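The structure appears right after this line, and notes come after that.
Predicted model only: the values in this text are computed from it and were never measured. In what follows, residues are counted from 1 in the order of the sequence shown.
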Amino acid sequence: MALSPNTSPLLLLLLTPLLFISVANSASQSEEIVAELLYLQSQSDSGLIHLDDHKVSRFLTSTKAPRPYSLLIFFDAKQLHDKSELRLQDIHHEFSLLASSFITNNADKSSGSNGKLFFCYIEFKEAQSTFSLFGVNSLPHIRLIGPNVKNPKDSESMDQGDLARMAESMAEFVESRTKLSVGPIHRPPIVSRNQIAFIIVILLIWFPFMIKKVLSGQTLLHDPKIWLGGAIFVYFFSVSGAMHNIIRKMPMFLADRNDPNKLVFFYQGSGMQLGAEGFAIGFLYTIVGLLLAFITHVLVMVKNVTVQRTIMIISLVVSFWAVNKVISLDNWKTGYGVHTFWPSSWK
């Protein structure tokens with residue numbers, strides 16, 4: 001039976017209300033899910049939402065893309081917290097700071113970021129199906145699921161360099177991928193007010209005794225050996241990049257992603273330095289510095305010329321070896337070659 005020319009407009013007129021109802025239901029469902037996420041977020045001190053397999057299905061797999069929000073998920077496993085090389089607890093702490101700072105900085109609804117990004121964490125024993133769904137087989141791991149992601153395995157994982165560093169580095173990843181502003185990271189003060197008050201009281205009690213020691217010359221600051229040891233420590237602290245490791249909370253080593261039983265002490269790439277690398281370089285530089293100090297202050301007092309020359313040659317060879325190792329490591333990490341310059345007249 002053929003349709004009359006007037007059938008199509010009539011059919012469109014009948015379907016239009018159904019289309020509006022479908023769109024309205026979809027928008028209502030999205031608003032309901034966002035409201036539920038905001039409620040779960042408000043129930044956490046840090047703003048982290050604790051997910052399990054059921055909630056992942058509720059907020060991710062059962063909702064159709066595009067979604068009006070993104071999820072940043074930290075994958076955790078309590079049974080691996082005792083493995084210090086993974087630094088799961090430290091990374092979880094930095095992730096919590098990232099979440100609480102984002103929520104604090106975007107609490108004003110006029111910012112446009114409220115309800116657009118939620119920070120979540122998943123524990124392995126509670127969500128093994130979710131680990132398989134995302135294809136997560138090694139930790140630490142953080143995954144960003146954008147509004148348009150349909151398959152969880154297609155979501156973007158955070159780089160190991162960003163994971164090993166602090167919340168500021170994680171914030172850069174979030175801002176570059178979501179185009180949302182995280183803002184400054186709010187860290188709790190290192191020393192509380194009660195601790196500061198206690199320290200002040202102790203100093204006031206100790207102050208008269210300290211004055212007496214200083215006037216009598218019986219303090220550690222009057223001991224030359226203390227100054228010598230302190231000078232060596234400051235030199236090693238300076239050349240090893242220890243301050244960088246403390247500020248960035250860099251680990252001494254990392255677990256190899258390809259082989260969890262293997263440890264990585266030297267990370268290739270100029271954007272990251274492990275603690276073991278800094279200590280190795282600091283040790284080599286300290287050897288050169290101590291040899292130079294020995295030659296200029298002690299060796300010149302030796303009267304035997306043969307002994308002087310022998311020790312001088314050994315010191316030069318060791319120093320050359322140490323500097324060569326430093327240059328080789330720098331070339332390997334950065335990819336830039338540093339070579340010896342020979343005068344043109346020597347060629």
Counting only heavy atoms not in [X] (residues, nucleotides, ligands), do more than 12 fall under 6.0 Å from its [atom1]?
{"X": "Arg177", "atom1": "CZ", "value": "yes"}
{"X": "Phe294", "atom1": "CZ", "value": "yes"}
{"X": "Asp45", "atom1": "CG", "value": "no"}

Closest contact, heavy atoms only, [X] versus [Y]:
{"X": "Ile91", "Y": "Met170", "value": "CG2-CE, 3.8 Å"}
{"X": "Ile145", "Y": "Arg67", "value": "CG2-NH2, 3.6 Å"}
{"X": "Leu37", "Y": "Ile49", "value": "O-CD1, 3.5 Å"}
{"X": "Lys116", "Y": "Leu180", "value": "CB-CD1, 3.8 Å"}
{"X": "Gly282", "Y": "Val239", "value": "CA-CG2, 3.8 Å"}
{"X": "Ile185", "Y": "Ser101", "value": "CA-OG, 3.4 Å"}

Does any N or O in the side chain of [X] come within less than 3.5 Å of the main-chain N or O of [Y], such that one atom is a donor and the other an acceptor?
{"X": "Gln308", "Y": "Leu299", "value": "yes"}
{"X": "Ser57", "Y": "Thr61", "value": "no"}
{"X": "Asn151", "Y": "Asp154", "value": "no"}
{"X": "His93", "Y": "Gln89", "value": "no"}
{"X": "Gln41", "Y": "Leu48", "value": "no"}

Measure the shortest side-chain to side-chain distance between [X] and [Y] over non-hydrogen atoms and say whether it is less than 4.5 angstrom.
{"X": "Ile122", "Y": "Phe74", "answer": "no"}
{"X": "Ser328", "Y": "Asn324", "answer": "yes"}
{"X": "Ile281", "Y": "Leu329", "answer": "yes"}
{"X": "Phe119", "Y": "Leu117", "answer": "yes"}
{"X": "Tyr69", "Y": "Phe59", "answer": "yes"}
{"X": "Ile142", "Y": "Phe173", "answer": "no"}

Which residue, Ile73, Val136, Asp76, forms the side-chain contact (heavy atoms from CB on, under 4.5 Å) with His141?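 Result for side-chain contact (heavy atoms from CB on, under 4.5 Å) with His141: Val136.
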If you group Ile, Leu, Val, Met, Phe, Trp and Tyr by side-chain heavy-atom gaps below 4.5 Å, do [X] and [Y] land in one group?
{"X": "Leu290", "Y": "Phe237", "result": "no"}
{"X": "Leu316", "Y": "Ile295", "result": "yes"}
{"X": "Val149", "Y": "Leu133", "result": "yes"}
{"X": "Leu291", "Y": "Ile314", "result": "yes"}
{"X": "Phe207", "Y": "Leu203", "result": "yes"}

Could you grab the distance from atom [atom1] of [X] to atom [atom2] of [Y], nearest 0.5 Å is fine?
{"X": "Asn105", "Y": "Ser181", "atom1": "CG", "atom2": "OG", "result": "7.0 Å"}
{"X": "Ser238", "Y": "Phe233", "atom1": "OG", "atom2": "CZ", "result": "9.0 Å"}
{"X": "Lys55", "Y": "Leu71", "atom1": "NZ", "atom2": "CG", "result": "12.5 Å"}
{"X": "Met210", "Y": "Ile205", "atom1": "CE", "atom2": "CD1", "result": "13.5 Å"}
{"X": "Glu123", "Y": "Lys78", "atom1": "CD", "atom2": "NZ", "result": "5.5 Å"}
{"X": "Leu60", "Y": "Lys150", "atom1": "CG", "atom2": "NZ", "result": "13.5 Å"}

With no hydrogens and no angle check, do the side chains of Arg143 and Ser155 hold a donor and an acceptor under 3.5 Å apart?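 Yes.
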Under the side-chain contact (heavy atoms from CB on, under 4.5 Å) criterion, do Tyr285 and Phe236 qualify, and how do the steps go? CA-CA 8 Å; Tyr285 273 131; Phe236 177 83; over 6 Å; no
For the pair Leu72 and Phe95, evaluate side-chain contact (heavy atoms from CB on, under 4.5 Å) and give the outcome as yes or no after the intermediate values. CA-CA 10 Å; Leu72 188 67; Phe95 189 73; 3.5 Å; yes
Please name all residues satisfying ring-ring contact (aromatic ring centres under 6.0 Å, His included) with Tyr121, sequence neighbours left out, ordered by chain then number.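 His50, His92.
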With ring centroids as reference points, do Phe124 and Phe75 lie under 6.0 angstrom apart?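 No - the distance between ring centres of Phe124 and Phe75 does not fall below the 6.0 Å cut-off.
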Start with the C-alpha gap between His186 and Leu97, add the side-chain angles, then the distance that decides, and say whether side-chain contact (heavy atoms from CB on, under 4.5 Å) holds. CA-CA 7 Å; His186 303 284; Leu97 288 178; over 6 Å; no
Test log, rule salt bridge (charged side-chain N to carboxylate O under 4.0 Å, His left out), inputs Glu32 and Arg58: CA-CA 11 Å; Glu32 180 183 347; Arg58 164 71 172 155; 3.6 Å; yes
Please assess Trp321 against Leu284 for the test side-chain contact (heavy atoms from CB on, under 4.5 Å), listing each intermediate value before the final yes or no. CA-CA 9 Å; Trp321 170 82; Leu284 293 173; 3.7 Å; yes
Chi angles and distances behind the salt bridge (charged side-chain N to carboxylate O under 4.0 Å, His left out) call for Arg187, Glu168: CA-CA 11 Å; Arg187 297 183 178 276; Glu168 285 78 5; 3.0 Å; yes
